[in-house]
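Here the structure is laid out as structure tokens; the discussion comes afterwards.
Note that ligands are numbered from 1 as they come in the structure, with each ligand's atoms numbered from 1 the same way. FYI, the numbering just counts along the sequence from 1.
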Amino acid sequence: MFRAVTASLLVLLCLAVPARADVTTIASYDFSSGAQGWGPRGDGVALDTSAGNLRVSGRTQNWMGAQITPPFEKGVTYNVTAKVSGSVALTVERTPSGGSTTWERVGAATSAPGEFTELSGSYSYAADSALNLYFESSDATAEFTVDDIVITSDSDPTQSGLSTDFETGTAQGWNPRASATLTATGAAAHAGAYGLSVTNRQASWDGPSLNVLGKLAKGSKYTLSVWVRSAEAQSLGLSIERRQNGTPSYERVAAPVSVTGWTRLTGTYTLAHDVDFLSVYVESGEGTLPFEIDDFTLEYIEPKPIQTDIPSLKDTVPFTLGAAFHRGATLGEHAKLIDKHYGSVTPGNSLKWDATEPEEGRFTFDDGDALVDFATGNGLEFRGHTLVWHSQTPAWVFEGATKEVLLQRIENHIRAVMGRYKGRIGTWDVVNEVIDENQPDGLRRSPWFEITGLDYIRTAFRVAREVDPAATLVFNDYNTEFPRKREAMYKVVKQLRDEGVPIDAVGHQLHVNIEQPPTYYIEDTIERFASLGVDQQVTELDVSVYTDFVSTYPTVPADVLARQGQRYKEIFDVFRRQAAKLSSVTIWGVADDETWLSTFPIARVNAPLPFDDELQAKPAFWGVADPSKLPAARLALTVPAGTVTVDGKRDAQWDRQPGQPVARVGSVSASFQLRKAPSGVYVFADVTDATDDRTDSLSLKLGTATYTIPRGAPAQGFKAHTRKTSTGWQAEALLPSGAATTLDLTVDDARTGPDAVFSGTLTFVPEVKEFTAPKETPVVDGVAEAAWNKATPVGTGTWIEGTSGATAKVRAMWSPSGVLYVLAKVTDPVLSDESPNAWEEDSVEIFVDPENNKTKGYDDDDGQYRISFAGAESIGGTFDAFAIRGNLTSAVSRTSTGYIVEAAIKLPTVTLSRDRVVGFDVQVNDATGTARTAAVTWHDPTGQSYLSTARWGVLRLGK
Ligand code: XIL
């Protein structure tokens, strides 16, 4: 009877489930290797697998037999088949959370004596329950045998995802990692009636964890998400622990972020390894404070197939094209993408010191081997990255290290790591990031350097050469496209090569952004190093969509991606032009779904690579492969007001801004600037074009009107002057244009065909103001001594917050020893420094851009120097602003109407001399209690001075 009901229920169930082609095997047991997790059920029961099946004996009750905890999830239907000999039934003993136990029959079968027959049935359940699956027999004492049990499901557990919301009032499978207490409680609910409170933690890693083994397939990608809350602020993150044969590894899914109110931790994860243990857990950055979690979800991400109808990137360039990769990218669509587009690979992390020699003499090559094998199997070249670096190097390396010990450690490390892959890794970044252009000798003050001087570099290259004489040995660094770093690195590499250190190539990492630096910097660097006779490689190219280290987009806008496409085009134009000097270009990642820029320098959405999150081609791809497919894009050009004397001499007005570069074509390039005046638009252009042809010209189309300035002949119908320079020619003109807001500028070189062009939209802004600093050295003591009377003050009148409040009279002076002095007399009768935020205290901010580059974002020598009325200093710059460290000296004093700030700022990256212009601004913050109620600047109206130097004024060094 019971059986009949079950059977008809099953028929109904089968009808209700739509037929699906995919049947997934969840588990199978063939007893070829013991009981495979099955155990006896009932006292005296014995299981015997010696015949390669499961023989059950010693039974005294009909419910006795063999049992296992089945890999069943609620809501999923399973089909079970088994071979049985005897009269056998298969049953689930199910105990719902907080309910009473029921027994549910899956199937039953009786074989002829000594024969096997098939037992089959299916099973599903709806409420959270504890389960036990067991074979029994209606004959209480009969022996029976089972074999070849197969459990399948027509839904794939690795694709069905998982969610826990604690609405059952239970922990729903979450367990403490150590001794933490987990309690489902209404007080911890994010949504619904329950959440999970986590208390009594004994370590930062102690907290709730959920077993997800079997829910993630190797090579598949998942989104994980959980809501967390903490009464006291702490940083919380989401991680995965995986193990294989008892060896654990830990991976971050969402890096710890500061949490108080409900915060969502989310990230994607690709399972790249075989595992026999897999759990997800919430941990804190540090400490053992309690927290709460709720609404956890794990979702499978269906991979999009890669595009097969687009060009292979590697075939579009005349050098080896590579990508940085990691284990997860050796599987599935990522592997296909690598295979189609790249000819070379390099591991993002797997061959670094921390990954290969975590403890002295203990080498781990698991990931390295897997990646090198993948490359070998796919015919890819391999760049080894990196042998000696100050980062991602374990602390033991420097512990108790004398020079001798450290050099020996380097030698051992290189022999082991390089030796293992000899002949399979053709190129090695031997040293990485050893240059610091802000040191007098150009060398980074790393522990390597502090302990050994230059010898660590010498040793590294010597040993590397010995280990694999055929390998190309690279001296790798970032920011090498910037002139100061370029020169610092050039000097060091030249010196070492002159000594005979076997440096074969220099590596330019080239982590650039969508605006900075100009591509000609890159080209100048390649040309500069060519003179050393070294090979060159681009080793870590990516193009961040941000120009500063603060901004975030919720999703990157399409016009930004289009602009990035243009930027990739310009960069690859440089590479193609310089191909004879470049042996390879490696992009730092396979696709946007895995980029270090999503956590560096801050966590934010970033999209720096040619393929998007779903591995599809972006404008950046077309910028490399076929720029004719790029969406049209005009660059935004800011045009200040200003008047210029057009008389054949370069007007000093042009010093106030840097020129806008026009990307080079052939050997022709240019830079230009505009000023808007009532009488028209002034232009100044500097053209690089060594060959003087009669038909060379510059033409500017403003709106619909075109103005042509011939190189050697007078312009027709408007005022223009041209003159020769050592590299080409310059032009200055007044174009009697109306209010046009578009510009198409063409640098026409008669000899070489295609022209260098710039297409922009114009935004008109007020004049870039200038004031003068006399050459004079004051004493920095908060007292305005007589010397300051030489300096003419400027006021602050540009309100960026409020419309009235504290203001200042500001003077500046300079000394040839490289110091800028600033005096601000602030009118502010009521002073407060109650806010914990420095910018909300009564204070003066001085902004200095020594090269007057007026970049969006900060260069590493640009500084924001803040001094409160009480003398507290705070300094802002780019995140690794080595060039402004320790540059500020200040003194303050009180007056009857406010306070005086006197500051000295060292500018070590430039040489100060008469007529030099420096980007400059001053801001006065006016606080009332703990709030900033007003802020005013001398110049920048945007309120963005702390992020961008673009709209600061200028200071001219006078006599
Ligand atoms: C980065 C990796 O991409 C990240 O995964 C890791 O967390 C930090 O290192 N310069 C280098 C690379 O030489 O090794 C760095 O790689 C990026 C900057």
Side-chain angles (χ1 to χ4, degrees), residues 237 239-240 249-256 267-270 272 285 322-330 334 338 342 344-358 367-368 371 382-394 413 417 425 427-436 444 446 448 457 460 473-482 485 489 505-513 536-544 546 549 584-604 606-609 860 878-880 882:
S239 302
I240 289 235
S249 299
Y250 307 94
E251 291 168 298
R252 282 251 141 87
V253 175
T268 59
Y269 180 77
T270 302
F325 75 147
H326 56 99
R327 206 81 185 246
T330 62
H334 286 85
I338 292 175
Y342 296 103
S344 166
V345 282
T346 189
N349 291 304
S350 304
L351 290 180
K352 290 173 180 171
W353 198 308
D354 59 353
T356 50
E357 195 185 3
D367 283 354
L371 298 183
F382 202 103
R383 293 191 89 260
H385 177 82
T386 177
L387 295 170
V388 176
W389 189 23
H390 63 277
S391 188
Q392 293 179 269
T393 299
H413 182 77
V417 177
I425 294 186
T427 304
W428 273 99
D429 289 328
V430 177
V431 299
N432 193 31
E433 304 184 350
V434 306
I435 299 296
D436 177 355
R444 178 189 286 270
S446 64
W448 302 115
I457 304 178
L473 306 183
V474 184
F475 189 109
N476 195 46
D477 216 319
Y478 65 96
N479 279 1
T480 61
E481 64 279 17
F482 286 89
K485 183 125 183 200
M489 169 142 142
V506 292
H508 310 294
Q509 291 188 5
L510 225 55
H511 295 290
V512 300
N513 75 43
Q536 299 186 64
Q537 309 190 342
V538 170
T539 55
E540 304 181 17
L541 174 70
D542 50 20
V543 180
S544 171
Y546 302 101
F549 51 99
S584 69
V585 171
T586 292
I587 297 175
W588 202 242
V590 173
D592 286 342
D593 65 329
E594 271 284 345
T595 158
W596 75 303
L597 294 178
S598 62
T599 54
F600 180 89
I602 59 166
R604 57 183 169 187
N606 211 330
L609 304 169
D860 86 341
T878 193
F879 59 91
D880 59 353
F882 297 115

- Task: Please determine, by modelled atom types, if His334 and Asp593 share a side-chain donor-acceptor pair under 3.5 angstrom.
- Result: yes
- Message: We want to know whether Tyr478 and Glu540 form a side-chain donor-acceptor pair, criterion being a heavy-atom distance below 3.5 angstrom.
- Response: no
Using a cut-off of under 3.5 Å, which N/O atoms of ligand 1 pair up with protein N/O atoms, and what distance separates each pair?
unit_1   : atom_1 : unit_2 : atom_2 : d
ligand 1 : 3 (O)  : Trp588 : NE1    : 2.9
ligand 1 : 5 (O)  : Asn349 : ND2    : 2.8
ligand 1 : 9 (O)  : Lys352 : NZ     : 3.1
ligand 1 : 9 (O)  : Gln392 : OE1    : 3.1
ligand 1 : 10 (N) : Glu433 : OE2    : 3.2
ligand 1 : 10 (N) : Gln509 : OE1    : 3.2
ligand 1 : 10 (N) : Glu540 : OE1    : 2.9
ligand 1 : 13 (O) : His385 : NE2    : 3.3
ligand 1 : 13 (O) : Asn432 : ND2    : 2.9
ligand 1 : 13 (O) : Gln509 : NE2    : 3.1
ligand 1 : 13 (O) : Glu540 : OE1    : 3.2
ligand 1 : 13 (O) : Glu540 : OE2    : 2.7
ligand 1 : 14 (O) : Lys352 : NZ     : 2.8
ligand 1 : 14 (O) : His385 : NE2    : 2.6
ligand 1 : 16 (O) : Lys352 : NZ     : 3.2
ligand 1 : 16 (O) : Trp588 : NE1    : 3.4

- Message: Test of understanding: with side-chain hydrogen bond (donor to acceptor under 3.5 Å, both in side chains), list the residues that count as partners of Gln537, not counting sequence neighbours.
- Response: Arg383, Ser583
- Task: Please list, chain by chain and in numerical order, all residues satisfying side chain to side chain contact (heavy atoms under 4.5 Å, CB included) with Ala460, sequence neighbours excluded.
- Result: Val388, Ile410, Ile414, Val430, Val431
- Applying side chain to side chain contact (heavy atoms under 4.5 Å, CB included) to Phe600 and not counting sequence neighbours gives Trp596, Leu597, Phe879
- Query: Between Trp353 and Pro394, which heavy-atom pair has the shortest distance, and what is it?
  - Reply: CD1-CD, 3.4 Å
